Amino acid sequence: MICEHKCLDNHIETICHTLFNDEEILLAFLNAALECPKEQQIVTIVEKFCSFPIQSNVWNWRFRTASKELITVNMQIRTPEFYHKRSLYYRSSMDQCQIAEQSKRYNTQKVVQINLLTFNLLQESTDFHTKYSLYHDQNRQSRHDVHYLELMKIPNTSIDNALYYWLRFIICVSLNKKSKEYQELINHDPLFQRAALSLEI
């Protein structure tokens with residue numbers, strides 16, 4: 001059974017478009033979602049691009065990490081209709097784009113897909129953040145990661161986790177900016193103050 005939150009659906013795309021136009025906020029959110037060690041964190045945007053027809057709820061970036069590695073990130077906000085098929089389509093499109101760029105040499109960059117969901121998709125997990133990875137058998141290095149961020153599974157009890165705070169912030173902005181929790185989040189981090197100001201414009 002898929003549980004969904006219609007109120008979130010109405011606002012979340014606009015909220016994310018506003019937030020992710022700010023590079024510092026975008027990097028903070030993505031690093032919180034990827035949970036990488038400091039030396040592997042994203043530090044700069046190389047380019048923003050589109051490898052398929054433009055969608056209002058799909059973003060594509062190429063980033064450089066602190067270790068100079070290039071990674072491609074696809075992020076999408078999704079509602080329940082045909083979600084599984086659409087997720088696989090966009091994920092495979094990222095590989096297709098890289099193969100075309102690399103031409104004859106198959107040496108693709110790491111690809112990360114982040115799915116921000118306003119419904120419960122994964123019945124096998126109660127966690128709001130679930131990650132699946134495709135590893136190289138010998139060196140155990142992951143080249144393909146898929147993250148599911150399920151907003152309906154976020155607990156009301158506070159967790160000392162950067163991603164938890166960002167997702168709670170997005171929920172508060174969508175549902176009730178006058179709440180006590182929203183004010184507490186703004187006071188928690190200067191970046192949330194900056195995000196709040198950008199959303200008031």
Side-chain angles (χ1 to χ4, degrees), residues 5 8-9 11-50 55-67 69-78 87 90-91 94 110-119 121 127-133 142 145-155 158-175 177 181-201:
H5 203 308
L8 284 174
D9 292 348
H11 306 290
I12 196 168
E13 287 182 23
T14 302
I15 292 168
C16 288
H17 270 286
T18 302
L19 292 178
F20 298 155
N21 277 333
D22 185 309
E23 182 173 346
E24 188 175 355
I25 290 173
L26 172 62
L27 296 185
F29 177 85
L30 291 177
N31 282 320
L34 301 183
E35 298 180 330
C36 293
K38 189 173 183 180
E39 64 274 11
Q40 296 177 17
Q41 289 189 351
I42 294 170
V43 295
T44 187
I45 299 175
V46 175
E47 65 175 320
K48 182 178 180 180
F49 63 96
C50 184
Q55 299 285 334
S56 62
N57 53 3
V58 179
W59 294 266
N60 300 285
W61 303 276
R62 188 167 286 121
F63 297 98
R64 194 177 304 280
T65 69
S67 60
E69 180 185 17
L70 288 175
I71 68 170
T72 300
V73 176
N74 163 253
M75 181 170 171
Q76 49 187 297
I77 300 171
R78 283 297 178 200
S87 177
Y90 286 114
R91 173 65 189 78
M94 302 302 290
K110 180 171 182 176
V111 175
V112 176
Q113 184 183 61
I114 299 175
N115 304 278
L116 184 59
L117 308 179
T118 59
F119 60 96
L121 174 69
D127 296 331
F128 67 88
H129 179 199
T130 304
K131 172 186 172 185
Y132 295 96
S133 298
S142 171
D145 295 337
V146 181
H147 296 255
Y148 293 94
L149 312 180
E150 299 176 90
L151 295 178
M152 291 286 289
K153 292 182 180 178
I154 295 179
S158 181
I159 300 173
D160 188 16
N161 174 276
L163 179 60
Y164 168 85
Y165 289 127
W166 274 111
L167 296 180
R168 290 300 303 180
F169 178 81
I170 290 172
I171 290 173
C172 285
V173 171
S174 181
L175 299 181
K177 289 200 290 185
E181 181 185 12
Y182 180 69
Q183 296 303 319
E184 290 175 347
L185 286 167
I186 291 176
N187 295 328
H188 173 76
D189 190 317
L191 264 185
F192 288 134
Q193 297 179 19
R194 179 168 166 171
L197 287 174
S198 71
L199 291 165
E200 293 298 330
I201 298 174

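In what follows, every heavy atom counts, from backbone to side chain, and hydrogens, waters and symmetry copies are set aside. What you are looking at is a predicted structure, and each value in this text was computed from that prediction instead of being measured.
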Taking every non-hydrogen atom, the tightest pair across E39 and A66: O-CB, 3.4 Å
Note, L199 side chain near I15 side chain (heavy atom, < 4.5 Å): yes
Residue of the set H129, H147, K131 for which side chain to side chain contact (heavy atoms under 4.5 Å, CB included) holds with E35: H129
F20 and W61 aromatic ring geometry - parallel, tilted or perpendicular at 30°/60° bounds: perpendicular
K110 side chain reached by E69 side chain, heavy atoms, under 4.5 Å: yes
Residues C16, F29; criterion side chain to side chain contact (heavy atoms under 4.5 Å, CB included); working and verdict: CA-CA 11 Å; C16 288; F29 177 85; over 6 Å; no
Minimum side-chain heavy-atom gap M75-N115 below 4.5 Å: no
Heavy-atom side-chain contact between I77 and V58 under 4.5 Å: no
Closest heavy-atom pair and its distance - S198, T18: O-CG2, 3.6 Å
Under 3.5 Å donor-acceptor, D127 side chain and T130 backbone: no
Validation row: L151, L116 side chains within 4.5 angstrom (heavy atoms): yes
Verdict with reasoning, N60 to T72, per side chain to side chain contact (heavy atoms under 4.5 Å, CB included): CA-CA 7 Å; N60 300 285; T72 300; 5.9 Å; no
From CA spacing to verdict: side chain to side chain contact (heavy atoms under 4.5 Å, CB included), L30, I114: CA-CA 9 Å; L30 291 177; I114 299 175; 3.5 Å; yes
R64 versus V46, closest heavy-atom pair with distance: N-CG2, 3.8 Å
V112 and N74, any side-chain heavy atoms less than 4.5 Å apart: no
Side chains of V111 and I71 in contact at under 4.5 Å (non-hydrogen atoms): no
F128 side chain reached by L167 side chain, heavy atoms, under 4.5 Å: yes
Heavy-atom pair with the smallest gap, counting every atom of L185 and C172: CD1-SG, 4.2 Å
Closest heavy-atom pair and its distance - Y165, S158: OH-OG, 3.9 Å
Partner of F63 by side chain to side chain contact (heavy atoms under 4.5 Å, CB included), out of L27, N31, T44: L27
T14 OG1 to L19 CG distance, which is reported to the nearest 0.5 Å: 10.5 Å
Geometric class of the Y182/F169 ring pair [parallel <30°, tilted 30-60°, perpendicular >60°]: parallel
Ionic contact status for E181 with R168, cut-off 4.0 Å: yes
Residue pair D22, R194: steps toward the side chain to side chain contact (heavy atoms under 4.5 Å, CB included) verdict: CA-CA 9 Å; D22 185 309; R194 179 168 166 171; 2.8 Å; yes
Atom pair CD/CD1 of E23 and I45 - distance to nearest 0.5 Å: 4.0 Å
